[in-house]
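Residue numbers start from 1 in every chain, and the chains themselves are labelled A, B, ... in the order their sequence lines are given, proteins ahead of strands.
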2 protein chains.
Amino acid sequence: MKSVNIPAIAVQRLTLYARNLALLDQKGMEVVSSAGLADICGVNPAQIRKDLGYFGQFGIRGVGYYVKELAYEIRKILGLEKEWRLALVGVGNLGSALLRHAQFLDQSYTFVQVGQITVAPVKALKRLVKDKGVEIGVIAIGPRWAQQVADEFVGAGVRGILNFTPVQLRCPSDLHVENVDFTRMLDMLCYRLTLNQ
Amino acid sequence: MKSVNIPAIAVQRLTLYARNLALLDQKGMEVVSSAGLADICGVNPAQIRKDLGYFGQFGIRGVGYYVKELAYEIRKILGLEKEWRLALVGVGNLGSALLRHAQFLDQSYTFVQVGQITVAPVKALKRLVKDKGVEIGVIAIGPRWAQQVADEFVGAGVRGILNFTPVQLRCPSDLHVENVDFTRMLDMLCYRLTLNQ
DNA sequence: GTATGTGAAACCGTTCACAGCA
DNA sequence: TGCTGTGAACGGTTTCACATAC
C-alpha cells in the first residue's frame with residue numbers, strides 16, 4: 001500500500017469494480033483489461049488503474065487483470081474477508097424489510113461475509129454489543145429517534161454506524177458513520193428533471 | 001442563475017441545507033448566518049455561500065439569511081414545488097417497506113410534495129406511465145430484474161429513475177438515473193474500520 | 001503488439017481573504 | 001461593525017501520455 005492519502009471516492013469505486021468483477025467471473029470470463037472493466041463500470045480506464053495503483057500492482061502488462069484474482073484482492077483491501085457483526089435498530093418500516101428479506105442482502109453480497117444481524121430493544125443494546133462483539137450499528141428507525149439510538153450505539157462501543165435516516169448524526173470523530181439517504185437522491189433527480197424542463 | 005456549470009455535489013448539499021433550514025424554522029429561528037448553518041450541516045461557511053451563489057443572492061450582508069425565505073428558495077431551485085408522480089416496481093422486499101410505511105416518507109419529506117406512488121405489474125407499466133403522467137420510476141426489485149424493469153420504464157417514457165438495486169443500469173444518456181446503494185456504503189464502512197484496525 | 005503503472009498536466013471543487021454593503 | 005458575495009489561491013481528483021513490461 002502506498003503512503004499517500006487514498007481518496008475515499010477511489011475506495012468507493014473499488015466496491016463497484018468488485019461487484020462487476022464478480023459478475024464477470026460468474027459469466028466465466030477469466031481476464032479483463034482496464035478498458036473492458038471501465039466500460040462496464042462507466043468510468044475512465046486510467047481511473048481504474050490509478051485506483052488500483054494506490055494498493056499495489058495487480059495486473060499483467062500486455063494482458064490485463066485476472067478476474068478472480070483481482071476480485072479477491074479488492075475484497076481483501078475492503079476488509080470483506082472478515083465476518084462483520086451488525087446490530088439493527090428499527091424493526092418497523094425499512095428495518096423489517098432489511099431483516100425479513102435477508103436474501104436481498106445475500107444476493108447483492110454474495111462476496112461479503114456479513115455476520116448475524118440482531119434485532120434488539122434499544123435498552124438491551126449495550127449488553128448485546130459487548131456480548132456479541134457487534135462492530136457496526138444500523139439505524140433504520142424513524143428520524144425522530146435517530147440521534148438517541150446513535151448515542152446509545154456510541155455508548156455501547158460500536159465502531160461504525162450505517163445510518164438510513166435523513167438525520168445528520170452528531171457522533172465522536174473516531175466513530176465512522178456512513179449515510180444512506182434516498183430522499184437526497186430523489187431531490188437530486190427532481191432537480192435534474194427540472195433543469196431539462 | 002449563473003451560466004457556469006454547477007457541480008452536482010453542490011446541488012446535493014442544497015438538499016442538506018433545505019432540511020436543516022426546515023428544522024430551524026420549526027424551532028422558530030428566523031435568521032441564520034452561513035456560519036451558523038454550516039455548523040449544523042458540518043460544512044465550511046464559505047461553501048454554503050458559494051453553493052448559494054450559483055443560483056442567486058439570498059442573504060443580507062451584516063445579517064445573514066432569513067430561514068423561511070431561504071428554505072423556500074432552495075425548494076424552488078430543486079424543483080420541489082411541483083408535485084412529482086412516481087411509479088414503484090418491486091412490492092416485495094424493500095419496495096413494500098417504502099409503500100406500506102408512507103409515513104416514513106412523509107416524515108422525511110415534510111417540505112416535498114411527492115405525488116402518488118403507484119404499484120404496478122410490470123406489463124401494465126407502459127399504460128400507467130402514459131395515463132397517469134408518471135415522471136419518475138423507482139426500482140426496488142431484486143437485482144436480477146433491475147435492468148429489465150429499467151428498460152420497460154425507459155420504453156414507457158419515464159424521465160428519471162431512482163434505482164435501489166446494486167446494479168449499474170444501462171440507460172439512454174438523456175434519462176436521469178440516481179442510485180441508492182447501501183451495500184456500497186456498508187463496504188466503505190468496513191474498509192474504514194479495517195484501516196483503523 | 002498490447003495493456004499496465006505512473007509522473008505530469010489539466011481540470012474541478014474547496015477554502016481563503018477581502019471588497020462591498022446593510 | 002458584521003456578514004454576504006466572490007475573485008484568487010489552494011488542494012485534490014481525473015485524465016493524458018508514455019515508459020515499462022509481458
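Shown here for B/I40 and B/N20, the closest heavy-atom pair between the two residues is CG2-OD1, 3.3 Å. For the residue pair A/I74 and A/A18, the shortest heavy atom distance occurs at CG2-CB, 3.8 Å. Heavy atoms only, all atoms of each residue included: A/C190 and B/I136 are closest at SG-CD1, 4.2 Å. Pairing each heavy atom of B/A150 with each of B/C171, the nearest pair is CB-SG, 4.3 Å. Residues A/A87 and A/L128 come closest through the heavy atom pair CB-CD2, 4.0 Å. What you find for B/M185 and A/L162 is that their closest heavy atoms are CB-CD1, 3.9 Å.
Rounded to a whole Å, the CZ atom of A/F55 is 16 Å from the C1' atom of C/dT6. Note: OH (A/Y54) to C1' (C/dG5) measures 13 Å, nearest angstrom. Rounded to whole angstrom, the span from the CG atom of B/L70 across to the P atom of D/dC3 amounts to 16 Å. Distance, A/N44 CG to C/dT4 C1': 14 Å, rounded to whole Å. In this structure, B/Q47 places its CD atom 11 Å from P of C/dC16, rounding to the nearest Å. Rounded to whole Å, atom P of C/dA3 lies 16 Å from atom CG of A/L52. With rounding to whole Å, A/I6 atom CD1 is found 11 Å from D/dT13 atom P. Distance B/D51 CG to D/dG5 P: 12 Å, rounded to the nearest Å.
For the pair B/Y65 and D/dG5, the criterion of a side-chain N or O lying under 4.0 Å from OP1 or OP2 is met. For the OP1/OP2 pair of C/dG13 and a distance below 4.0 Å, the side-chain nitrogens and oxygens of B/R13 include no atom meeting the criterion. Between B/Q57 and D/dT6 there is a side-chain polar atom (N or O) within less than 4.0 angstrom of OP1 or OP2.
Contacts of B/R49 classified as salt bridge (Lys or Arg N to Asp or Glu O under 4.0 Å), with partners at least two apart in sequence or in another chain: none. Applying the salt bridge (Lys or Arg N to Asp or Glu O under 4.0 Å) criterion to B/R13, with sequence neighbours excluded, gives B/D51.
Side-chain atoms of A/N163 come within 3.5 Å of backbone N or O of A/V167 as a donor-acceptor pair. In this structure, the side chain of B/R192 engages the main chain of A/V177 through a donor-acceptor pair within 3.5 Å.
Counting non-hydrogen atoms of neighbouring residues, nucleotides and ligands closer than 6.0 angstrom, the OH atom of A/Y66 reaches no more than 12 such neighbours.
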Extract from the structure each pairing of a protein N or O with an N or O of nucleotides 7-10 of chain C at less than 3.5 Å, listing the distance.
residue, atom, partner, partner atom, Å
C/dG7, N7, A/K50, NZ, 3.3
C/dG7, O6, A/K50, NZ, 3.4

Close N or O pairs between protein and nucleotides 9-12 of chain D (under 3.5 Å):
none

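When the options A/L21, A/V31, A/L37, A/L52 are evaluated for a side chain to side chain contact (heavy atoms under 4.5 Å, CB included) with A/Y65, the one that passes is A/L52.
Transitive grouping of hydrophobic side chains (ILVMFWY, heavy atoms separated by less than 4.5 Å) keeps A/I60 and A/V67 in distinct clusters.
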Sugar-phosphate means primed atoms, P, OP1 and OP2; the rest is base. With that split, encode nucleotides 17-22 of chain D 5' to 3' as B, S or - using protein heavy atoms under 4.0 Å.
B--BBB
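Ionic pairing of A/K126 and A/E152 is not present here: no N-O contact between side-chain nitrogen and carboxylate oxygen is shorter than 4.0 angstrom.
Remark: nothing in residues 29-40 of chain B comes within less than 4.0 Å of DNA chain C through any heavy atom.
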